[in-house]
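Notes for the one structure printed next.
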Amino acid sequence: MCRSIKPLRRPETEPATGEIEAAARQFVRKVSGYRVPSSRNVEAFDAAIADVATASRRMLESLGVEIVDGPDRWTPGSGSSRHAHPPAADAPAATAG
């Protein structure tokens, strides 16, 4: 399991409810050590995600952060390489050959 917890929201945008849930899910996975719970533990896993999401939302609201309804806008692999600049429009295109 990876050692670092990735930020799931961009500081310049309001967090979406989906992003809060994704962060809660990531935290519960990290703490439990399981990516997917067994069928016997699904209820406890889902309850923990709901509790962490509620606490996270309460914390963000107390910091004055506006929360918007919406999906998780974070995508796997959205690190710095995702923000690489595309080639300039006037740059010659690579040709297969």
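For the numbers below, each heavy atom of this structure counts, side chains included, while hydrogens, waters and symmetry mates do not. Owing to the predicted nature of the structure, the values given are computational and were not obtained by experimental measurement.
- Contact record, Arg35 with Arg29: O-NE, 3.0 Å, taken as the closest heavy-atom pair.
- With hydrophobic clusters built from ILVMFWY side chains whose heavy atoms lie under 4.5 angstrom apart, Val31 shares a cluster with Ile49.
- Applying the side chain to side chain contact (heavy atoms under 4.5 Å, CB included) criterion to Ser38, with sequence neighbours excluded, gives Arg40, Asn41.
- Cluster annotation: Val42 is not connected to Tyr34 through the hydrophobic network of ILVMFWY side chains, with a link wherever side-chain heavy atoms come within less than 4.5 Å.
- The side chain to side chain contact (heavy atoms under 4.5 Å, CB included) check on Ala53 picks up Ile20, Ala24, with sequence neighbours excluded.
- Among all heavy-atom pairs drawn from Glu14 and Glu66, the shortest one is CB-O, 3.2 Å.
- Within the structure, side-chain hydrogen bond (donor to acceptor under 3.5 Å, both in side chains) pairs that include any residue of residues 43-58 comprise Arg57-Glu61 (at least two apart or interchain).
- Contact record, Glu19 with Ala16: OE1-N, 2.7 Å, taken as the closest heavy-atom pair.
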